[in-house]
Amino acid sequence: MFDSLSQRLQDVFKNLRGHGTLTEENIREAMREVRLALLEADVNFRVVKDFIASVTEKAVGREVLKSLAPGQQVIKIVHQELVELLGGSSVELELGGRKPVVIMMVGLQGSGKTTTSGKLARRLQGEGKKPYLVPADVYRPAAIDQLTVLAGELEVPVHPSRTDQDPVDICRQAVARAGELGCDILLVDTAGRLHVDQELMEELSRIKTALQPAEILLVADAMTGQDAVAVADKFHQDLSLTGVVLTKLDGDARGGAALSIKKATGRPIKFVGLGEGLDALEVFHPDRMASRILG
Ligand code: GDP
């Protein structure tokens, strides 16, 4: 994960640590390299600009330059700012309110929405909750089948959605059915498209109005970098997301999506997907991620 970015940053820091004393120019030079490393990792340029400005402002102060280990101080500042950039602290799911609580999964086709719905069902099940899986993508029969198979593996009940039904009707019926089955959480796997389009957004808005979800989670593919950020922006404008699940972080994503999404959309990354298996979902911890990046 983020191998190239990590390597670049570690090289910069090694260099900084090597100095007994640091001048303002040493720090500015290091920041130029950090800036390049972030841009090459596909981090949004405005995010990079603010990040570098903020670190530089803190790092060129007298206390840092005069301290015993100035390089170490600068690295500490970068770490703290990185944690902030990633969202500060982890953010839990909002599962209060009327039962069944609704979690709506949205995102582009192929982002990992269906898989993540299964992963989340497993996680909630492990916490003693009773999830009900609802396939609401009526355009691709394979999508309904895929979630139904996952539900079977997990032994979680799944709604018998049909492709000739309206997705809003499916969701309304699913709420009633979840109640009958004693399920307390509805996990709705909505339709995805290859690109954001108005028709899809309108359908998702109708589902949102009908279900009043506690959570609307965007599932975004970390491998798509800045595109994932643009997608998150658009979904957030139309639906007011409550959070993001960033998938495929086990691959060779460069880091741009993870490092830009919170700052660009204001929405926290709540979970990360780290593989295709149903247990490959982790709560996102900004501090751990920052440590992983900085090595
Ligand atoms: P959907 O179209 O958004 O519902 O996407 P799917 O859930 O069908 O996932 C698309 C592909 O991505 C499948 O092959 C999944 O196994 C894979 N996938 C989903 N999440 C992850 C992840 O975190 N890591 C990896 N490596 N693959 C994932």
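We count ligands from 1, going down the list as the structure has it; atoms in each ligand are counted the same way. The figures here come from the full heavy-atom set of this structure, side chains too, leaving out hydrogens, waters and symmetry mates.
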Q: Answer with side chain, backbone, both or neither: which part of Thr116 has a heavy atom less than 4.0 angstrom from an atom of ligand 1?
A: neither

Q.
Once you restrict to heavy atoms under 4.0 Å, what part of Thr115 touches ligand 1? Side chain, backbone, both or neither.
A. both

**Q.** Where ligand 1 meets Gly273 - atom numbers and elements under 4.0 angstrom, heavy-atom basis
**A.** 23 (O)

Q) When you look for heavy atoms under 4.0 Å from ligand 1, do you find them on the side chain of Met105, its backbone, both, or neither? A) neither

Q) Which option, Val106, Leu249, Asp250, owns the non-hydrogen atom nearest atom 25 (C) of ligand 1? A) Asp250

(Q) Closer than 4.0 angstrom, basic N to acidic O: yes or no for Lys58 and Glu81? (A) yes

(Q) Taking a cutoff of less than 4.0 Å between a non-hydrogen atom of the residue and any ligand atom, is Gly275 in contact with ligand 1? (A) yes

Q) Are any of the N or O atoms of Thr247 closer than 3.5 Å to those of ligand 1? A) no

**Q.** Selected option - heavy-atom contact closest to atom 11 (C) of ligand 1, from Met223, Lys113, Lys248
**A.** Lys248

List, one per line, each side-chain donor-acceptor pair under 3.5 Å for residues 267-282, sequence neighbours excluded.
| unit_1 | atom_1 | unit_2 | atom_2 | d |
| --- | --- | --- | --- | --- |
| Arg267 | NH1 | Leu241 | O | 3.0 |
| Lys270 | NZ | Glu92 | O | 3.3 |
| Lys270 | NZ | Glu215 | OE1 | 3.2 |
| Lys270 | NZ | Glu215 | OE2 | 2.8 |

**Q.** Structural part of Asp189 in contact with ligand 1, heavy atom criterion under 4.0 angstrom
**A.** neither

Q) Which ligand 1 atoms are under 4.0 Å away from a heavy-atom of Leu274? A) 23 (O)

(Q) Less than 4.0 angstrom from a charged side-chain N to a carboxylate O is my criterion; do Arg177 and Glu180 meet it? (A) yes

